[in-house]
Amino acid sequence: MKLFYSYIGRLHACTIYLAPLHKRIFKPAGKGHRLVILGRHLLLTIFCFVLFSATQAQSQLYLGTDAGLKDITPLQTGDTIPDELWHMPLQVVNHPDGKDTITLNDYRDKKLIILDFWATWCAPCIKELPHLLALEDSINCKVIPLSDEPKIKIENFLANNLAFQKSKFYIYKRGSTIDKSFERNSIPHTVIIYQGKVKSFTLPHLVSTKNLGDMVAGISATLIPKIELRHSKEDLLALASLDTSRKKSAGFSIFLQGMDGIVPGVLWEPESPTGGSRLQIANYPLISIIALATGQGKIFLRNPNKVLVEGMHEIRQIETAEWDLLKTVKLSYESDYPQIRTYSDVISDLKKDLSSYRNIDCRIEKVPSKVVRFVKDRETAQPDTEFRYSIREIAFVLNQIPGRLSVVFQEHQSEELVHLPEELSKTAPGMLEESLLEQGWSKKIEDICEEQLVVSLNGII
């Protein structure tokens, strides 16, 4: 996972594709069979490789509870910070004066205190940390990054990330007062405290010197709040401040552009509060929506070289710019049905709506193709280097580069180590193949027939 996140950190997000308002087309939902489905709410957590993700991507963290402290009521916007929270000790890592613990009370002279719940495994958290920490240089505030991980893990993180070596980090215990006072279901999770009161629960990329300054000056009341689908009783139309009177009794489906403040996610309600069924998708990259629509994301999310683009007269391999676009275009989608529908029927409608609304057709098809197979068939002397990676990790990196043949290996050799002159994320593809050949691996081109994603991109190009 460390490799994955270090690799993700090198990728850059592009501008979010904005759909014009007049293209938000409503469509009556079709009628389906009425079924009896047990359970009222079901949250689908979809784990996808969202490389090149925009700043709204989130990492889900479902938190445990402690048997004690059950009487603690989570704080809400406008609540005053209680005394016990001001004086609760927090372990500190990397304090310039060598302190082991601090309290929030140590920073009570600051009008603004920003708590940012994060973790070393959370790529979106790490991406936003420099931006948050830099706020201390431009506005009178204190930024407190909070993690529940062991001190040694934070220290190792700092040792490998030079950008944070002058910053202080803080540790809280799961089930502690501060943990239970700021209820959350995902990270990053940012809490704005102003003059001793909770002012906002938001996301780090929505916090800036300007909107904090406007809040302090009374120009704006608060920041854009963080919203999670599983806790929102509103539909996406209301969250997007659109005219909900346009909803028809026959149901509707709609695509929307990316929406600030909403945690990326999927919510499937087999039986919604209105008695029908509802699917909501918030701030998902287009490639992840295609994965949902086809139900076969495992085929292509890890490997762009299993994506073919269908044009007027040919089917060809996807290009780098097209792959990047699929990862950076963010959309939200909602389908609402007056009657109960099955998940498979709703997903079938999603696939049809991609075609109808966005002019994007997608399907999984078995096609003839070629792959590069690496096989370890001889033993050689290994270079003296500290950088060692399995063939599985190397194949993953090589397969992130569009325009190449897919790299495969023998499953029983997946953990065979390859010694590299530098970190994997910094090693050029040509050097990776050269190292493999020098260390007893042979390279073969094979003809195979395999399932791939075939997609038309007329709607976004």
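Sequential numbering from 1 along the given sequence is applied to the chain's residues. The model shown is predicted, which means the values in this text are computed figures rather than measured ones.
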Report task. Report, as yes or no, whether the 6.0 Å neighbourhood of atom NZ on K153 holds more than 12 heavy atoms from other residues, nucleotides or ligands. Result -> no
**Report entry** Test item: side-chain donor near acceptor, T209 and S138, under 3.5 Å
**Finding:** yes
Query raised in the report: Do T294 and Q296 have side-chain N/O donor and acceptor atoms under 3.5 Å apart?
Result: no
Query raised in the report: Do we see a donor-acceptor contact under 3.5 Å between the side chains of S406 and N399?
Result: no
Query raised in the report: Between K366 and E450, is there a side-chain N and carboxylate O pair less than 4.0 Å apart?
Result: no
Query raised in the report: Does S335 offer a backbone N or O that forms a donor-acceptor pair with the side chain of S253 under 3.5 Å?
Result: no
**Report entry** Polar contact flag, side-chain donor to acceptor under 3.5 angstrom, S200-T202
**Finding:** no
Query raised in the report: Have N305 and Q317 got a donor and an acceptor in their side chains that come within less than 3.5 Å?
Result: yes
Query raised in the report: Any side-chain donor paired with an acceptor under 3.5 Å for K327 and S288?
Result: no
Query raised in the report: Does the side chain of E149 pick up a donor-acceptor pair with the side chain of T120 at under 3.5 Å?
Result: yes
Query - Note: R316-E322 ion pair, threshold 4.0 Å (strictly below) - result: yes
Query raised in the report: Stepwise, does the side-chain contact (heavy atoms from CB on, under 4.5 Å) test hold for L90 with I171?
Result: CA-CA 6 Å; L90 292 171; I171 299 173; over 6 Å; no
Query raised in the report: Between the side chains of D345 and S348, does any donor sit under 3.5 Å from an acceptor?
Result: no
Query raised in the report: In terms of ring plane angle, is the pair F117 and F182 parallel, tilted or perpendicular, where the classes change at 30° and 60°?
Result: tilted
Query raised in the report: Going by heavy atoms in the side chains, are N140 and L112 under 4.5 Å from each other?
Result: no
**Report entry** Evaluation steps, side-chain contact (heavy atoms from CB on, under 4.5 Å), between I299 and I364
**Finding:** CA-CA 9 Å; I299 293 174; I364 300 298; 3.8 Å; yes
Query raised in the report: Are R392 and E411 ion-paired here, with the side-chain N under 4.0 Å from a carboxylate O?
Result: yes
Query raised in the report: With the threshold set at 4.0 Å, does a side-chain nitrogen-carboxylate oxygen contact exist between K110 and E136?
Result: no
Query raised in the report: Is it the case that Y172 and S147 place a side-chain donor and acceptor less than 3.5 Å from each other?
Result: no
Query raised in the report: F255 and Y333: ring-ring contact (aromatic ring centres under 6.0 Å, His included), yes or no, with the steps?
Result: CA-CA 4 Å; F255 274 101; Y333 171 83; 4.7 Å; yes
Query raised in the report: Quick one: does T427's side chain have a donor or acceptor within less than 3.5 Å of a partner on E423's backbone?
Result: yes
Query raised in the report: Are D179 and R174 ion-paired here, with the side-chain N under 4.0 Å from a carboxylate O?
Result: no
Report task. Could you tell me which residues satisfy side chain to side chain donor-acceptor pair (under 3.5 Å) with K444, sequence neighbours excluded, listed by chain and number? Result -> none
Query raised in the report: Of K376, E416, R373, which is the lone residue that meets side-chain hydrogen bond (donor to acceptor under 3.5 Å, both in side chains) with Q410?
Result: R373
**Report entry** Side-chain donor or acceptor of N283 paired with backbone N/O of I262 under 3.5 Å
**Finding:** yes
Query raised in the report: Crowded around D97 CG? As in, over 12 foreign heavy atoms under 6.0 Å?
Result: yes
Query raised in the report: What residue among V372, V371, I448, V375 forms side chain to side chain contact (heavy atoms under 4.5 Å, CB included) with V408?
Result: V371
**Report entry** Ionic contact status for R341 with D349, cut-off 4.0 Å
**Finding:** yes
Report task. Show your reasoning for whether side-chain contact (heavy atoms from CB on, under 4.5 Å) applies to L104 and L115. Result -> CA-CA 10 Å; L104 292 183; L115 306 181; 3.9 Å; yes
